[in-house]
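Keep in mind that this is a model prediction, so the values were computed, not measured. Only this structure's heavy atoms are used, side chains among them; waters, hydrogens and symmetry mates stay out.
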Amino acid sequence: MFFHKQELQFKATPAKPDALFARRLQEVLGGQYGEITVAMQYGFQAWNSHEPGKYRDLLFGIGAEEFGHVEMLAITIAQLLEKAPIEQSEAAAASDPVLGAVMGGMDVQHAIVAGAGARAVDSNGNPWQGSYITASGNLLADFTANANAEMQGRLQVARLYNMTDDHGVRELLSFLLARDTMHQNQWTAAAAELRAEGREDLPVPSNFPLSQEYRDVSYQYINFSDGAAAAEGSWASGPTPDGKGEFTYLDAPGTSAPMPPATQPDERYYGTTPKPNIVEKAAGVVKDKLSTK
């Protein structure tokens, strides 16, 4: 059950209108690693959780916070668009070709579709997609994905911070940077706690029988590049993070298999094959007549 409280978690008050930056800000609202994604990701992970307790509560709590971040960014974008009159912008663009080229970077659908409001899109106007969400049901896999999402999101917010001199926008971004710092550490700590408690472990899924894995190559770094520097990394020698083996380094692939014959699909897929066209056509007709559909 959701309740809405008409307050913001942190102030969102731009000092001046900036339609171009409003478009840029759309990335951390509706992009792959934006606030809509993490809000929905943590929500679905919680709704799909198989047991009550601290991990489910963590997902519910942070998911709700992220919906608040969606709200802050949407309101900020609307404020950035609020005091940019259409006529004034069009006149300025017409009188100055350089300014017109810059304004070409605006999202025209901010005006045409949303009426000077935010949209559920990224900075290129691509609609937000549910496919951005990771919710596997395995908490170690999900918490690791969550840490990555927060890292990518913080990276983008940091870049946006350096793209504006608006002190009001910078205040908001500074707050979001701090919360992303917390969330990166939080998901990293939660993943470590899962392992320390023996709830989950590497490799994910840890309860898949290792005997059914081709163990000869489980910890081999296989070099598929003509560079040799990767051999210097901790992933090429020494103990593995899962504590179940030792890394080894192979300078080139140690296994290969012959290429199987080219596939010969049903003639009714109409692919080009070695068979004469008339033969394929006849075979397709016969299969159609024999079909029970």
Q) Between the side chains of Thr181 and Arg154, is a donor N or O closer than 3.5 angstrom to an acceptor N or O? A) yes

Q) Is a side-chain donor or acceptor of Gln26 paired with a backbone partner of Val121 at a separation under 3.5 angstrom? A) yes

Q) Given the rule in the side-chain contact (heavy atoms from CB on, under 4.5 Å) test, do Leu25 and Leu173 qualify, once you have shown the distances and angles that lead to the verdict? A) CA-CA 10 Å; Leu25 205 56; Leu173 297 180; 4.1 Å; yes

Q: Determine yes or no for a side-chain-to-main-chain donor-acceptor pair under 3.5 angstrom, with Thr37 supplying the side chain and Gly31 the backbone.
A: yes

**Q.** Minimum heavy-atom distance Gly153-Asp180, with the two atoms named
**A.** C-OD2, 3.8 Å

Q: Is it possible for you to say whether Val28 and Met151 belong to one hydrophobic cluster, with membership spreading through side-chain heavy-atom contacts below 4.5 Å?
A: no

**Q.** Heavy-atom pair of closest approach, residues Ser123 and Glu27
**A.** OG-OE1, 2.6 Å

**Q.** Within residues 56-65 or reaching into it, pairs that qualify as salt bridge (charged side-chain N to carboxylate O under 4.0 Å, His left out) - sequence neighbours excluded
**A.** Glu65-Arg179

Q: Considering non-hydrogen atoms only, spot the tightest contact between Tyr270 and Arg268 and give its length.
A: CE1-O, 3.0 Å

Q. Can you name the residues that form a salt bridge (charged side-chain N to carboxylate O under 4.0 Å, His left out) with Arg159, not counting sequence neighbours?
A. none

(Q) Using ring centroids (six-membered ring only for Trp), state whether Tyr33 and Tyr132 fall under 6.0 Å. (A) no

Q) Between Gly30 and Trp128, which heavy-atom pair has the shortest distance, and what is it? A) O-CD1, 3.5 Å

Q. To the nearest 0.5 Å, what is the distance between CZ (Arg195) and OG (Ser206)?
A. 9.5 Å

Q: Only pairs at least two apart or in different chains count here, so list each side-chain hydrogen bond (donor to acceptor under 3.5 Å, both in side chains) that has a residue in residues 223-240.
A: Asn223-Tyr249, Thr240-Asp242

Q.
For Met72 versus Leu176, what's the shortest heavy-atom pair and its separation?
A. CE-CD2, 4.0 Å

Q: Over all heavy atoms of both residues, which pair between Leu81 and Ala116 is shortest? Give the atoms and the distance, please.
A: CD1-C, 3.7 Å

Q: Check the pair Phe21 / Leu80 against side-chain contact (heavy atoms from CB on, under 4.5 Å), numbers first and verdict last.
A: CA-CA 8 Å; Phe21 193 76; Leu80 287 167; 4.0 Å; yes

Q.
Just to verify, what does Phe208 make a ring pair (Phe, Tyr, Trp, His ring centres under 6.0 Å) with, not counting sequence neighbours?
A. none

Q) Restricting to pairs with a member in residues 117-140, which pass salt bridge (charged side-chain N to carboxylate O under 4.0 Å, His left out), not counting sequence neighbours? A) Asp107-Arg119

Q) Trp187: which other cluster members, linking ILVMFWY side chains closer than 4.5 Å, directly or transitively? A) Val38, Tyr42, Tyr55, Leu58, Leu59, Ile62, Leu139, Leu140, Phe143, Leu194, Leu202, Val204

**Q.** Heavy-atom side-chain contact between Leu250 and Val217 under 4.5 Å
**A.** no

Q. Is any side-chain heavy atom of Ile36 less than 4.5 Å from a side-chain heavy atom of Glu66?
A. no

Q: State, without any angle test, whether Glu280 and Thr273 hold a side-chain donor-acceptor pair at a distance under 3.5 Å.
A: yes

**Q.** Residues that Arg24 engages under salt bridge (charged side-chain N to carboxylate O under 4.0 Å, His left out), provided they are two or more places apart
**A.** none

Q. How about Lys11: does its NZ atom have over 12 heavy atoms from other parts shown lying under 6.0 Å from it?
A. no

Q: Would you give the length of the straight line joining atom CG of Leu20 to atom CE of Met163, rounded to the nearest 0.5 angstrom?
A: 10.0 Å

Q) What is the distance from atom CZ of Phe10 to atom CG of Leu172, rounded to the nearest 0.5 Å? A) 7.5 Å

Q | Glu150 side, atom CD; Leu155 side, atom CG - distance, nearest 0.5 Å | A | 12.5 Å

Q: Verify the distance criterion only: is there a donor paired with an acceptor across the side chains of Asp142 and Gln41 at less than 3.5 Å?
A: no

Q | Of all pairs that satisfy salt bridge (charged side-chain N to carboxylate O under 4.0 Å, His left out), the ones with a partner from residues 30-52, not counting sequence neighbours | A | Glu51-Arg199

(Q) Holding to salt bridge (charged side-chain N to carboxylate O under 4.0 Å, His left out), I want the full list of residues that pass it with Lys281, two or more places apart in sequence or in another chain. (A) none

Q: Using a strict 4.0 Å threshold on nitrogen-to-oxygen distance, state whether Asp165 and Arg170 make a salt bridge.
A: no

Q. Would a 4.5 Å heavy-atom cut-off, applied to side chains only, mark Thr164 and Pro14 as touching?
A. no

Q. If Ile, Leu, Val, Met, Phe, Trp and Tyr residues are connected whenever their side-chain heavy atoms lie under 4.5 Å apart, and connections chain through other members, are Trp47 and Phe3 in the same group?
A. no

Q: Compare all side-chain heavy atoms of Glu246 with those of Pro239 and state whether any distance is below 4.5 angstrom.
A: yes

Q: Please list, chain by chain and in numerical order, all residues satisfying salt bridge (charged side-chain N to carboxylate O under 4.0 Å, His left out) with Lys289, sequence neighbours excluded.
A: none

Q) Do Phe175 and His69 pass the side-chain contact (heavy atoms from CB on, under 4.5 Å) test, and can you show the C-alpha distance, the side-chain angles, and the key distance before you say yes or no? A) CA-CA 10 Å; Phe175 178 80; His69 294 178; 4.2 Å; yes

Q: With the side chain counted from C-beta on, respond yes when Pro241 and Phe247 share a heavy-atom pair under 4.5 Å apart, and no when they do not.
A: yes

Q: Measure the spacing between CE of Met40 and OG1 of Thr134 and express it to the nearest 0.5 Å.
A: 13.0 Å

**Q.** Listed once per pair and sorted, the salt bridge (charged side-chain N to carboxylate O under 4.0 Å, His left out) pairs that draw on residues 67-77, sequence neighbours left out
**A.** none

Q. Does any non-hydrogen side-chain atom of Asn124 lie less than 4.5 Å from one of Arg23?
A. yes

Q. If we only count heavy atoms from C-beta on, is the Val157 to Tyr161 side-chain gap below 4.5 Å?
A. no

Q) Hydrophobic cluster mates of Ile222, side-chain heavy atoms under 4.5 angstrom, ILVMFWY only, any path? A) Phe224

Q: Assess whether side-chain contact (heavy atoms from CB on, under 4.5 Å) is satisfied between Lys244 and Asp201, documenting all intermediate values.
A: CA-CA 11 Å; Lys244 298 178 176 68; Asp201 202 359; 3.5 Å; yes

